[in-house]
Engineer: 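Got a structure for you, written out below as structure tokens; questions coming shortly.
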Protein chains: 2
Amino acid sequence: MPAKRPPIPLTRERIIEAALHIADGQGLRRLTMRRLGDALQVEAMAIYHHLPRGKDALMDALAEHVTAVHAEPAGSWQETARAWCRASRAALREHPGVLALALTKPPKGRAAAAVREQIEQLAEAGVPDAPAAVRALRAYVLGAVAVEVQQSGWAEPPGGDGEAEPWLPPSRGGGSAEADADFERGLDALLAGLAGA
Amino acid sequence: MPAKRPPIPLTRERIIEAALHIADGQGLRRLTMRRLGDALQVEAMAIYHHLPRGKDALMDALAEHVTAVHAEPAGSWQETARAWCRASRAALREHPGVLALALTKPPKGRAAAAVREQIEQLAEAGVPDAPAAVRALRAYVLGAVAVEVQQSGWAEPPGGDGEAEPWLPPSRGGGSAEADADFERGLDALLAGLAGA
DNA sequence: ACCTGAACACCGTTCAAGT
DNA sequence: ACCTGAACACCGTTCAAGT
């Protein structure tokens, strides 16, 4: 009989990683402290040692993880804004399971810091009302990703009756290349609008 | 001892109304079949008679309720689109407790029908790629309301430590008049962009 | 047809106890 | 310091039973 493997130590990072995997794979409603414990080969109660506020802390951490992005200032403020928006979209699309949290919870911790940094960068680059600009950019990204993920049918139960109700005709191929183009086109329009304010 | 009141009959409408009241007042996580039963003066199990798929059906119904809006065609397609967007924003803002569902669940039933109707109206008014236009308008409204509700601090637990972290400076007065102006301004820009495509 | 009561499997969280 | 086991209050849902 082989000896029991020495258990990998539990960390905040490993917990969050496993939680994202469950949420993305089975949906947020099935992300459970006990299931999370199973995935980590640990009793559920062990998680409380690393996330003292329990499931609320976990939800906050997940929202933060998917929302705390970073981008460097680029040539023009438009390029800077574009970099932020692309990074945000990528991070949100990577984890559709926790999108509801990102859309709903006000930024905290590193996520709030990221928003403040973005405002600073745009203000420094001469954008007149930088907070309003960042609000508009955030709204654009959140809305675009929400619609993308809705249309992808991610939220539908996997055991559906064959085909989902086509509530919107797919962009063209339904692929993400078309979605990328849509996103960039809308972003250009928004940046033009912000410049002409 | 006064006689027991004849109980008001349970209906789908009353159930949804009570569920919205709980979700808006205490948050979606506290919306529970048993609590919902209490609010309706009924055992939780009675709800299943009106919503056979149980809590999933309830969630679907809530998303539909807050998402199935209607608007009549107006003078120009821009005015038509504006009417749809204003109606959608109003409906979503009225029930912040179920906003996560509206942002996340693909439209079904009357909500999907509303989207199709909106596409038809714009197509009939001569908008070239009406489905793409409606996608963009939907994204705009969803994102705008998401940011508004985040900024309102609605999701914060009521028993906070005095003041929430100011992750974004308030628009100016923090009031909804400023938010209304922001919304209309962004909408104008988007409509201009859609026209110039 | 509509609602109840009891039951079942599961959930979040606490706390004393182990190592 | 880190994890476990047992316990508690609560949850969604089924089903037979009442009216």
Side-chain angles (χ1 to χ4, degrees), chain A residues 3-23 25-63 97-98 100-101 104-105 155 157-159, chain B residues 3-23 25-63 97-98 100-101 104-105 155 157-159:
Chain A
K4 191 162 44 172
R5 297 259 163 57
I8 308 159
L10 204 53
T11 64
R12 220 183 111 97
E13 283 68 41
R14 283 190 62 230
I15 293 170
I16 292 172
E17 192 184 15
L20 287 170
H21 188 255
I22 293 173
Q26 325 190 33
L28 202 54
R29 284 205 46 218
R30 295 185 62 94
L31 172 55
T32 247
M33 297 303 271
R34 286 166 141 103
R35 243 189 285 264
L36 187 51
D38 281 356
L40 292 161
Q41 314 251 47
V42 119
E43 296 298 314
M45 302 74 196
I47 297 166
Y48 287 83
H49 218 271
H50 299 262
L51 290 168
R53 269 176 38 260
K55 196 164 191 186
D56 281 345
L58 178 62
M59 299 304 219
D60 284 351
L62 294 176
V98 297
L101 302 176
T104 276
K105 283 182 170 293
Chain B
K4 193 163 39 171
R5 297 257 163 58
I8 309 159
L10 204 52
T11 64
R12 221 183 110 97
E13 283 68 41
R14 283 190 61 230
I15 293 171
I16 292 172
E17 191 184 15
L20 288 169
H21 188 255
I22 293 174
Q26 324 189 33
L28 202 56
R29 283 206 48 217
R30 295 185 61 93
L31 172 55
T32 247
M33 296 303 270
R34 286 165 141 103
R35 243 191 284 264
L36 186 52
D38 283 355
L40 291 161
Q41 315 250 47
V42 118
E43 296 299 314
M45 302 74 196
I47 297 167
Y48 287 82
H49 217 270
H50 300 262
L51 290 167
R53 270 175 40 259
K55 196 166 192 187
D56 281 344
L58 178 62
M59 297 305 218
D60 284 350
L62 294 176
V98 297
L101 302 176
T104 275
K105 282 181 172 291

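Naming: A, B, ... by sequence-line order, numbering from 1 per chain. The analysis underlying the following values was restricted to heavy atoms, covering all of them including side chains, and did not include hydrogens, waters or symmetry mates.
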Engineer: Between dC11(D) atom P and M59(B) atom CE, what is the distance in whole Å?
Structural biologist: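 Rounding to the nearest Å, CE of M59(B) and P of dC11(D) are 13 Å apart.
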Engineer: Where each residue is assigned the nucleotide of DNA chain C containing its nearest heavy atom, which of H49(B) and D56(A) is assigned the position nearer the 5′ end?
Structural biologist: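 Nearest-nucleotide comparison on DNA chain C picks H49(B).
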Engineer: When the distance from CG of L36(B) to P of dC3(C) is rounded to whole Å, what number comes out?
Structural biologist: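 So the CG-P distance, L36(B) to dC3(C), works out to 13 Å.
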Engineer: Of E43(A) and M45(B), whose closest DNA chain D nucleotide lies nearer the 5' terminus?
Structural biologist: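 Taking each residue's closest nucleotide, the earlier one in sequence belongs to E43(A).
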Engineer: For the pair made of NZ in K55(A) and C1' in dC11(C), what is the distance, rounded to whole Å?
Structural biologist: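 For the pair K55(A) NZ and dC11(C) C1', the rounded distance is 8 Å.
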Engineer: DNA chain D: R34(B) or V42(A), which has the more 5' nearest nucleotide?
Structural biologist: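 The residue mapped nearer the 5' terminus is V42(A).
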Engineer: Which nucleotide sits closest to the side chain of A46(A): dC3(D), dG12(D), dG12(C)?
Structural biologist: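 When the side chain of A46(A) is considered, dC3(D) is the closest of dC3(D), dG12(D), dG12(C).
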Engineer: Within this structure, what is the CG-to-P distance between L28(B) and dG12(D), rounded to whole angstrom?
Structural biologist: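 One finds 11 Å between P of dG12(D) and CG of L28(B), rounded.
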Engineer: Rounded to the Å, how far apart are I47(A) CD1 and dC11(C) P?
Structural biologist: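 Computing the I47(A):CD1 to dC11(C):P distance gives 12 Å.
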Engineer: Got a donor-acceptor contact below 3.5 angstrom from the R30(B) side chain to the A23(B) backbone?
Structural biologist: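 Answer holds: no.
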Engineer: For Q41(A), does the CD atom have more than 12 heavy-atom neighbours from other residues, nucleotides or ligands under 6.0 Å away?
Structural biologist: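 No, because the 6.0 Å sphere around CD of Q41(A) holds 12 heavy atoms or fewer from other groups.
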Engineer: Y48(B) OH to dG5(C) C1': how many Å, rounded?
Structural biologist: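 Interatomic distance, OH of Y48(B) to C1' of dG5(C): 15 Å.
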Engineer: List the steps and the verdict of salt bridge (charged side-chain N to carboxylate O under 4.0 Å, His left out) for R29(B) and D56(A).
Structural biologist: CA-CA 11 Å; R29(B) 283 206 48 217; D56(A) 281 345; 2.9 Å; yes
Engineer: Looking at T32(B) and R35(B), would you say the former's side chain and the latter's main chain have a donor-acceptor pair under 3.5 Å?
Structural biologist: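 Checking the backbone N and O of R35(B) against the side chain of T32(B), no donor-acceptor pair under 3.5 Å is found.
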Engineer: Please check this pair: side chain of R12(B) against backbone of L51(B), looking for a donor-acceptor N/O pair closer than 3.5 Å.
Structural biologist: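 Answer holds: no.
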Engineer: Would you mind reading off the distance between L58(B) atom CG and dT13(D) atom C1', rounded to a whole angstrom?
Structural biologist: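 Roughly 14 Å, once rounded to whole Å.
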Engineer: Would you tell me if any nitrogen or oxygen in the side chain of H50(B) comes within less than 4.0 Å of OP1 or OP2 on dC3(C)?
Structural biologist: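 Affirmative; the distance criterion is met.
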Engineer: Whole Å only: how far is the CZ atom of R35(A) from the C1' atom of dC11(C)?
Structural biologist: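 Taking CZ of R35(A) and C1' of dC11(C), I get 10 Å after rounding.
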Engineer: Need the pair for dG5(D). Rule: Watson-Crick or G-U wobble, both distances under 3.5 Å, any strand; none if unpaired.
Structural biologist: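 Across all strands, the one nucleotide that pairs with dG5(D) is dC15(C).
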Engineer: Heavy atoms from C-beta onward define the side chain here; which of dC11(C), dT13(D), dC3(D) lies closest to that of T32(A)?
Structural biologist: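 The closest nucleotide is dC11(C).
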